[in-house]
Structures are given as C-alpha cells and as structure tokens.
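Shown next, in structure tokens, is the structure this report addresses.
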Amino acid sequence: MSGKAGLRGRGVLADLVLVVYFLLSLAPVVFIVALSLKSNAEQTSTYLRFTPTLDNYRAVLGIGAGESAYLRFFLASLICAVGAVLVSLVIGVPAAYAAARFRFRGSEGLLFTLLSFRFAPELVVIIPLGVLYQQLGLYDTYVGMIWALQLVTMPLVVWILRSFFQDLPPDLEQAALLDGYSRRQAFVKTVLPLVRPGVAAVCLLAFIFAWNNFILPFTLTSSEAQTVTVSSLAFLGGNQVRFNLVAAGAVMAVLPPLVLALFIQRYLVRGLSFGAVKS
Amino acid sequence: MAALELAGIRKTYGRTVALDEATFDVRDGEFFCLLGPSGAGKTTTLKVAAGLAEPSVGVVRLDGVDVTDVEPTRRDLAMCFESYALYPQHNVFDNLAFPLRSPRRRMPAERTRQRILDITTLLGIDHLLDRPVTQLSNGQRQRVALGRVLVRPASAYLLDEPLSHLDARLRASMRAELKAISGEDGTTTLYVTHDYVEALSLADRIGVLDAGRIRQIGTPREVWSEPADTVVARSFGKPAINLVDGAIAAAGGVLTFVSTDGALRLPVPGLRTSPGVRAQLGIRPRDLGLLRGAGDLPSSLVCFDAAIYVLEHLGRQTEVTVRVGAALLSLVVPREVADGHVLDDKVVVTFDPAAAHVFLPDDGGRRVVR
Amino acid sequence: MSNLVLYGVRKVFRSRRGAPVEAVRRMDLEVRSGELVALLGPSGCGKSTTLRMIAGLEDVTDGDILIGGRSVLGLRPQERNVGVAFENYGLYPPLTVAANLAFGLDARRLGRARERRARIHDVARRIGLLDVLDARPASLSSGQKQRVALGRAIIRAPDVLLLDEPLSRLDAAQRDLTRRELRRLQRELGYTTVLVTHDQEEALSLADRVVVMDEGRVRQVGTPDEVYDDPADVFVAGFVGEPAMNLLPGVLEGGGPVWLSPHVAVPTDIRGAAGDVVLGVRPEDVILVGPDADRSGGVADAVAHVLVVEDLLECTLLTVELPGVERRLVVQTGPGLRAVPGQAVSVAFHRLRTYVFDAKTGERLR
Amino acid sequence: MGTPRWRRRLRPYLLAMPAVLLCVGILYPFFVGVGYTVFNFSDANRTPSFVGVRNFVDILSSDTFWHSAQVTVSFAVVATVVETVVGVGIALLLHRSSLVARILERFLIVPLMVAPIIAAIMWKLILLPEVGWVRPILSAAGVEGYRGTDSALAAFFWSVVVDAWLYTPFVAILALVGLRSLPRSPFEAAAVDGANWWLTFRRLILPMLWPYILVAVIFRFMDCLKVFDIIYGLTAGGPGDATTTLQISAYLEAITYARYSRGMTFMLILWVVVYASSFVLVRYLGRVQSRAAGSV
C-alpha cells in the first residue's frame, strides 16, 4: 500500500519497543538459567561472564550422591498432576457434553459452581479440608492431593470441553442417529474424533496448572506427597543458601510446563480464558 | 415407504414459539414441500419429524402409528441437513457408506460399494469418492449430503434445503434430476425450501409456512392462483406480487378498489365483500401491461395512467416499475415494449380485473373469494 | 462527478509459498461521468480486486488509474475521494447509524457541526433511515445495514462510488426492492458508479454497461442487451441469463450445419470454418414445434424425448433428450404447456439466436 | 419401541452426576469451614464453643484486617491496570505485519508457563544484591543505595513487577486474539472515510476490543484479589506486614497459628468480596459480549 511508506519510521520505533519488552520479559529466564550453571565460587562474584558447569544439576538430582530428594518431589508432582487430570477427564467429559448439548435444570448452577472454584481464594476450602484430611488420614497423601487439585483442573476441563462441544454442530450426531447409530455410538464415532485434539490440549493445560500449583501442596502435604513447587521454596529456607542450586531446581521445575506449552499454542487462549475467548 | 403425519405440533424454545399448531400429512409416496423464509420454522418441523427435537405439544405418526416417543435411530427416516452434517474425518465414500454400515443395516461391502457408485454417478460426484469432504466445494458437499440420503432405502426422506448452496446452473439441473428421481422412486418426501421455484417444480403439494404457522396447503396451482392470504401470495412469483393499500368503494353499483391516496381506482367485480372495508389489491407483475400507441384495447382490460419510476433489464424482458400516486407497481413486459422509455415518462398501464386479488388487512391479510 | 479510467491495470499477488497469482490482467476501462458500470463474474475473477485497487485498498502492480483525469496511484485511500459500500457492509459496530454516517465527515472535518447534521438528516431521509439514526448496526436488519453502508458511501459526495456486492446479503424480496431504489437513487444523484456483483440479473438490471470478467480477464464489455444477445465467448454465454444457456458440444461442417450427433444437425450461417464447436442456445430460444406448441410455425430441427416437466406457472421448463446427444437440453416455454415425461416433442432452434463457439478457445464463431 | 419421556429427560442428569458429586465433595468442606466462623476453633482449642458473630466483629474491628484489605485491593488495582495497559499495548504492537513482531510473538507465553511460586523465587534471586542483576543495572544507571525489597514501598513495587512480568502476556494474548478476530472491513471503511490512526483507535478499535480486554481484566483482577504465591515467595508478606494480603493473613492465622475459626472468617470475608465482584464483572461482561455479538 502506498500509505505504508509514511508509517515506516513509526514501524521501526514499534519494533524497538517490542524488542525492549521482550528483553525484559526473557531476562529473568536467562538469568535463572545462567545462575544455575554457575559454580559456587562464581555465583556471587560474576554477572554474565563465567564458566558454565552442570554441577548444580548433578547435585540437585543427587547424581553420584545416591539418593535425591528432588527426584522424589518431581515424581510426586507428576503423580498428583496426572492423577488430577485423569480424574477431571473421566468426570468432566460427560458433564461438559451434557452441559453443551442438553438444557436441563441445574446445568447453569453446576457450571457456575465450577467456575466459582476457579475464582475462589483457595484457602476458603483448604482450611477446613486440611482439618478434615487430618481426621480422615488424607493429609500428605497422593489421594488427598489429587482430590484437592480438582479445584484447579475440574473447572478448566469442564468449561473448555463444553466450549469445544458447543462448537460442533449437533447436526453431526443427529445425522449419525438417523443413519442408524445409537447415541453412544454416535458420540464415539462422530464427536470424539473431532474433539480429540482439543481434549489433549485441555489435558496438557490442566496438567500445567496442577503442576504449577503451590498453595495446595504447601498446605496439605508435608513430605510424602510434597511437590516440586513447595520444595523449591524450601531450598531457599535453609541456613546455608546455595543460590545456584535453587536456580537449578527452579529451572527443572519450569521445564515440563514450558515444553508442554509448545504443543498447545493453538488452544492456549481458549484455555486461559475458560472458553470465553476463542482463537 | 410410509405416510408421515404431524398433528398439532407446537414447539417452543424458551419464550420463542418456533412452531405453532402445525398440522399436515405427507401421503405415502408423496412429495411434499414446505416453503417459507428463513426463521419460519421449517428446520424445526423436519427435526420434529425426525425425532431430533421433541415437540412441546403434538403427535408425529408414521403410517398411523404414534412415533413421538420413538428414538430417531428407530424411525427409519433419512435426512439431508442444510449444514450438510458430513463427517469431516471421513472421505466421500465413507460418508456415504456410514448409514449402510450402521448396526441397523450392516449392508455387505460389495453391495455398499455398488449402491454408492450408482448414486454418486447419478449426482455427478463419482470422481470425488476418495476426496476428504473438507476439501470439497459447498456445491459438492451438498451433493454428498443428498447422496447420503438417497443411498439407502427409508420410510421417508427429509430434505432440508438440499439445493440451496449450488450455483444457479447446477441448481436448475439438480432440481430436474431430483424431480426425475422422485418420479421413479416414489419415496415419501418432506422437502423444505425457501425457493418457490423449487417448490412449484418438485412438489405434489406445498405447505406455506410463515412465523411458525402453516398458512396454506395445496397443489402448486392452488397456492399460486388461489392464495389464502397476502403471505402466501407474496411467497410465489418474481418479481413479487404487487400489493397496494386502499379500500373497497361502490362506484356506480360496481365494487371498486381505491388506493389510499385515491390515485388508483380499479373495478373488481364479483367480490364477496361490502364497500367501505380496508383492502389490499394484489396484482401479479405479469398480469399488467404497457399500452403502446393508440392501439385498441381488448374489452376485458382496463387501463390507468402512471409514470415510470425505474427500468430494469431482465434478458429479453424488462421489469418496469411505475408510480401511481404514492404506490409503486412492477410489471414485466417484453424488452421492445419498454425500449425508448426514460425515467418519469407518462405511460398507460393495462390490467385484467379478473386476475386481481383482494386481501383484507384487518383480517390477517385473508383473500376475498369471488 | 468525474470519470474513471483504468489503463492497463494489472494485479499480481505474490505469496511466500506458491507461484504468483495474476488476479487482474491488463484491464482497460472508461467509466463515463454519471455512468453505472457493473463488473460481473464468478468469485475469484478479479472484480473485487479491481474495485479495491480503485479505492486504494490494494496496490496496483502495473498500469494507471485516473479519476477526473488525475492519476490516483500515489494516493492513500484517505486521499482519494471515493465512497465504498463494502460487501459485508463494514459498518462501525460501536457507533450509531448517525455516527456511522458522520464518521467520514468528522474524519475530514467537512463543514460545521450544523451543516453536518443537516447533511446526515438529508441522506438518512433519502434512503429511509430516519427511524434508526440512534440504533447501532447490530440491531438493524440486513436491508437497513445495506442502506447505512450506501449512505456512508454517498454522504461525502464522492467522485466515484464503488459498490461491492451491495445486494448479496439480502433476501429475495428485499433484494428486488433495494435494487429498484438503488437504481433510482443513482440516476437521481448521477454518481459515477462501479458495481461489483456475481449475480448476472443484478448486473443486467442495474448497469448502463456490463464488464464480464473471468480469471482476471475481461471477456466482454457492453450494454446489458449486447451481453445478453451477442455474447463474445462461451463463458459470457454461459454466465449471463437464467435459466442458463444450453451449451451442446458438436461438430461444425464447412457448409454451416453443426452436428450434435449423427442424428441431429442444426443449420447455422457460419461459412468457412469447421471443427469441434459448442452450440449455444437459450432455453427461451428453443421452439417447440407440433400439436402442443402451434405458435412456432418453424421447421423442426430434431425430435426430442421429454425427461422432466416443470410447471412453474410463470413458465414451463422441459428437460429433453435429443437423439444421440449426451448433454440434455432445457426448453423454456410460456405457462400452461401440457407435456408429460416420455412424450416426444419436436424442437427447433431460433436461427438468429443460436451461437457457435470454438470448442478449444471458447471464441464465438460468426 | 418408544423410549419413555422420563428416561430421556434423565439422560443429562446421569451424565452430569459425577461432576455434581465432585462439587458436593468440594462444597462440603467449604460449608464446614463456614461453620467454623461462628466457633472459636483452633489447635489450642479442640473443643470449640459457639461464639456467634464475635469472630467477624473482632476481625472487622482489627487493624490487621483493614491493613490487609488495603494492601490486597491496592495490589489488585495497580497490577491489573499495569498489566492491562502494557498488555494491550504489546498486543497492538504485535498486531502488525512486521518480521520482528512475528518472531517475538513466539516468546510471548514463556513467563506465563512459569509457576508463580517459581517466578517469585526467580525474582527473589534477581533482586538479591549479592547475585541478582538488578543492583548492577541500577548502579550502571547511576542509582545507588539499592537494598532489595526491604522497604514497604519497594516490596509492594516488586510484587507488582513480578505479577506484571508473569501476567502481562496473558492480557496481551487475549487482546491479540481479539485484534485478529476483528472484522477487516470497518477499518478499510475508516481508511476510505479518511480517518487517521488515533481516530480509528479511539472510536473503533478500543470499543470493539473491549469484550476481550474485559475478559482479561476480570481474570486478572479476581486472581490478584487472592494473590498468594507471588507475595509469599517474594516477601512472605514483609517487611513487617507491608505486603500482607488477605490470603496471607488468613494463611498466617489458620495454618501458621492454627487458629482455624479466625482464619476462616478472614477467608469468608475475602470470598464474599471475590464472589460479589465476579458476579458484577461477569454480568457486565455478558452485557458487553451480547452487545458485541450480532455486530458485523
């Protein structure tokens, strides 16, 4: 367009602003990675120039030292997050489908109750839940964590899957019904294949949120089911703080969500906004 | 094959009434068209017939048996959706095979293949069998959707605007094709369309649907020449029927229609109504003509003065819009009759009183019978 | 009002992947002051691209565009005084109808506030929008939206008015009504107008001249009658007219007749050419000869076999099969014809309105 | 062969049943917790007695509560405003056909995937005068006397910075999707009408983008009201009680000091605030979205 010529100067300025923003945005990540690669001697003495070493990662993972607490936390995070996602999926898919396809009394109530879980301050449930867990023996167990994490994963799964189901015209299932298939077959043969990528994306996103959660494991676990997020903070608490070890732990805690996020870019907006915004 | 009957169907969505007391029957082997504008309730009617929507009130019968509570799977109907409802994960062949492979039918593979080849050849899509449906044009998708209906035997076909997305040439030839198929195969068909030409061409009987209510049911000739009301009258013909507001007066013993501003006065003999009522005069554009020169006027015609408002070419014919007082009337004349006229020319319009309809706006637009 | 000249205008779209696409190929056109020219063609033929180039929304690859004798190539859309009514209206959703109309006046700071109000009122009155001035676009019917789009295009008294498929989103009844009003308005205001449409009926009924386009190429420029009666090639013949022209493959013999099959020969006036051709005849130009259609008096070209009869009350359409001819023939007759499938009818082709096209190039043979 | 109506009516309820049970399972502790607020239940007092509204009276008349409330609301307002303005700005800059924008857009989500507690730890390290980058950068810019988060203002400031670092991309992503979904033709019409960028932005882009911005604002504001991880990780509410938000107060009461009833009362008050604001905001959003819906 001939008009663009006049805006070219402004375009460069805009690009410059963007570059500055992204430098600021990525700098903390660069910093933490750099710190995690520094030796004990260099961690307080240098900023950018140093000899990178993987010693901190070895130390955190307990390589050579026999046993690693960190790996246990990692495993606990994995079990809790995967468990929570699976439970949400099994319970959430039928509910989301029902909410998308049928008008029934209480469907709105159910949806808004779930949404209110998302917005409620966690402690409002955690305080009594903690007391309850102590009584039931669920405190600091995987089962207890998976149950509590439903607060995070369930609203996400139901709301987003509902928006996926709503996007599919009911005509497809209806056509399958008239073509001689039962309701269950119609669902399995027509709907499910179409929402499968969406379901996968929702699972990953729910996993990320479960993994990243801090306050639930912080208050409902102590050692057995303690997760990466909680332990990362605990690293800071000791008397002899080794910042480079803390950094290495943090990098490893961040890595899984960051890698998974690459797979769900397309569905990210819908997930983050609970289906309110679609891309 | 079966007779399909909808009795007293009322369907509401929340506060909106989609269908109001709809009652009609499609006889065994009959081709029945429901004609109406978008939002009239046509698709809802089909879904109720198919069992995909539950009527709030009313009964659906197949061959006299109440099937209102029967699951769609078991009604043995085939439906073509306006949205095509093709399975995007399958190619054309598998879409067409889908109903034949269903647990209800389980047609052997060889027969399935043969049947699909027959139908796709008929519809001119046999070269697309391996194509994913997502890569088809709208016209091709529509033919696949139609094929998925025709491929299997059913008690009745329910077709929702099956030709609407085709281009004009293809639509005309598919319409003729469909007419030939239905003539041979004689499956009971309920066909929904907004295109009056399709209805006139295909239907044994037409039901005119508007705002959830059935206005008239009749053969094409009946709904054309004896429309029950203005809605039905306006549903057929292009350009649409002219409707002029006015009243009925008695002039010299003859009932006369007088337009609101008095500019148009036309005798309408033989009406069963009384002078003084508000009325709408309906004249189809092809029942009007332009008087050329001082030629003699057939005695059956009357004429009135008008001014040209707009001239529009339609191939060999010209649509002339003339102004009479505040009223605008369209008429269609051969091109050479209109040639030479310019805007605001004074012309004389001829008119056959026997072809006029009179409607009563105070009575829901009902037509006055002669 | 100014005239509009397109001189050798080309448009090539280059994408990073794939070959460049030539959307418009060397187009020459003059739209005279006050004239309404319709660009007619199927989607993707380059007509909208042409319109967008005139408006300045698209770069011109080659050639020149002149409005009122002045080249507008270097000018941004903001600097060309054109009015555009977009296909999907392009109304400003947050603004009321009045503000939609006023937007262009505000942007260019045309006139005082009072004059602007008077102008909005005047335009709204003309196109029947007075009742909805305070409404927002979302609450309007498509007919009203269309009129707002039109009003916005004409309110600044543009040098050239550009209408992109102005009626495509209206239902049939509204379309007829709006088409009529549009024609009347354009005549009264006398704007130089370019209208883009894929609907041949719209082009024929509205335009002073029609430009038929296909694949970026201009196929024919002419008055509606010329385009209808005297198509330049097989594309124009098939695209213009409804029901569409019958196009039957055949072989032209030196002496004139076109053999559609070993059993059917249609005489023509063409001399000195021979080879594979396409014979074109409109359904309304096929005459039924015989007891049921005594109005012809012509000599039958062939005896046909009736396949389908469609009684449309305004007219009757027959789909018939000619002996040995694969392609079916559609015949349009007046209302009230009595015929049944299976019946044999004699058909004759109107001598002056039978067209012959070269099968390879599509060119009309005369 | 018919299926009785009641069985068809039951179908959605059967599908939703597990989810309903789950809700009950989560709502049960919530109501138990609401019950705590009228007792004096704590680890020290395992046989609580009924105290009526005394917990509410105590808390609503305590300085701790009003201080936390003030911190919470200030934090929520400042963070939301900063994130919205910067996020929308970045989205506008990214929504251009520029190579730089296309490349940088891929990195937009990076902070967003970092767990908030990890983000807090990262920033804590960055802000540490011994190892972090902030001190050298500031001293390079001529600012001396940097001492991390040990003043009330600095603690608040850096909390907002961390929150903004994490969640500005969230606003930007939503706004970017919004921008990309806007119809093109109104903007072409505006160009033909002769409008400049500012007029187009003010009269068209901003109002048309509003539904998207509002979704972002709602999510950010609600989340900020219950902020915990970031502040706990960064300052643990300090120095003193300078950044003690309501959820941190409640945490201290209920978990650290094990005074369940008092902690629960804190939380219930916060919950009411959150619920009320979400109710208002979501209804407003519904109005905005339905107004934006039919518009072409």
Side-chain angles (χ1 to χ4, degrees), chain A residues 93-94 96-112 160-203 263-264 266-267 270 278-279, chain B residues 12-14 43-44 46-54 56 70-90 94-107 133-134 141 144-149 151-161:
Chain A
V93 168
Y97 184 70
R101 281 292 185 263
F102 301 96
R103 290 162 163 251
F104 61 100
R105 203 173 303 221
S107 64
E108 293 290 301
L110 177 65
L111 284 166
F112 275 97
I160 302 173
L161 283 184
R162 186 183 76 127
S163 88
F164 279 126
F165 287 133
Q166 279 176 334
D167 279 2
L168 286 185
D171 291 3
L172 279 183
E173 297 133 80
Q174 298 186 341
L177 289 182
L178 290 172
D179 280 349
Y181 293 83
S182 70
R183 281 184 191 268
R184 182 187 300 269
Q185 289 164 332
F187 178 78
V188 171
K189 282 192 179 273
T190 64
V191 181
L192 216 49
L194 295 175
V195 293
R196 204 172 284 149
V199 172
V202 170
C203 287
F263 295 100
I264 52 169
R266 248 184 73 206
Y267 299 98
R270 191 194 287 238
K278 294 166 188 173
S279 56
Chain B
T12 53
Y13 293 106
T43 299
T44 307
L46 280 193
K47 293 210 163 169
V48 167
L52 300 171
E54 203 172 283
S56 315
V70 173
E71 292 277 351
T73 317
R74 302 194 180 162
R75 290 196 190 185
D76 192 33
L77 301 171
M79 178 162 168
C80 177
F81 291 73
E82 196 195 356
S83 62
Y84 322 127
L86 300 180
Y87 309 115
Q89 67 271 33
H90 294 315
D94 288 337
N95 262 280
L96 292 166
F98 199 74
L100 303 179
R101 290 172 180 161
S102 78
R104 278 179 62 77
R105 224 160 252 116
R106 296 191 193 285
M107 193 180 272
V133 290
T134 44
R141 282 177 205 201
V144 176
L146 191 56
R148 201 172 59 188
V149 169
V151 78
R152 70 183 198 259
S155 302
Y157 292 151
L158 308 171
L159 308 180
D160 193 355
E161 301 268 13

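A, B, ... follow the sequence lines: proteins, then strands. Residue 1 opens every chain.
Neither the backbone nor the side chain of A:A186 comes within contact range of chain B; no heavy atoms are under 4.5 Å apart. Proximity to chain A (any heavy atom under 4.5 Å) is restricted, for B:L86, to the backbone atoms N, CA, C and O. Both the backbone and the side chain of B:A50 come within less than 4.5 Å of a heavy atom in chain A. For a residue to count as touching a neighbouring chain, one of its non-hydrogen atoms must lie under 4.5 Å from one of that chain's; by this rule A:L194 touches chain B with the side chain only. Residue A:E173 does not touch chain B at all, counting heavy-atom pairs closer than 4.5 Å. Only the side chain of A:P193 has a heavy atom closer than 4.5 Å to any heavy atom of chain B. For a residue to count as touching a neighbouring chain, one of its non-hydrogen atoms must lie under 4.5 Å from one of that chain's; by this rule B:F98 touches chain A with backbone and side chain alike. Contact of B:R152 with chain A is made through the side chain alone, with heavy-atom distances under 4.5 Å.
Between B:R75 and A:L177, every side-chain heavy-atom pair lies at or beyond the 4.5 Å cut-off.
The two residues B:Y87 and A:L172 make their nearest non-hydrogen contact at CE2-O, 3.7 Å. When all heavy atoms of A:D179 and B:R105 are compared, the closest pair comes out as O-NH1, 4.1 Å.
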Intermediate values then yes/no, side chain to side chain contact (heavy atoms under 4.5 Å, CB included), B:M79 and A:Q174
CA-CA 9 Å; B:M79 178 162 168; A:Q174 298 186 341; over 6 Å; no

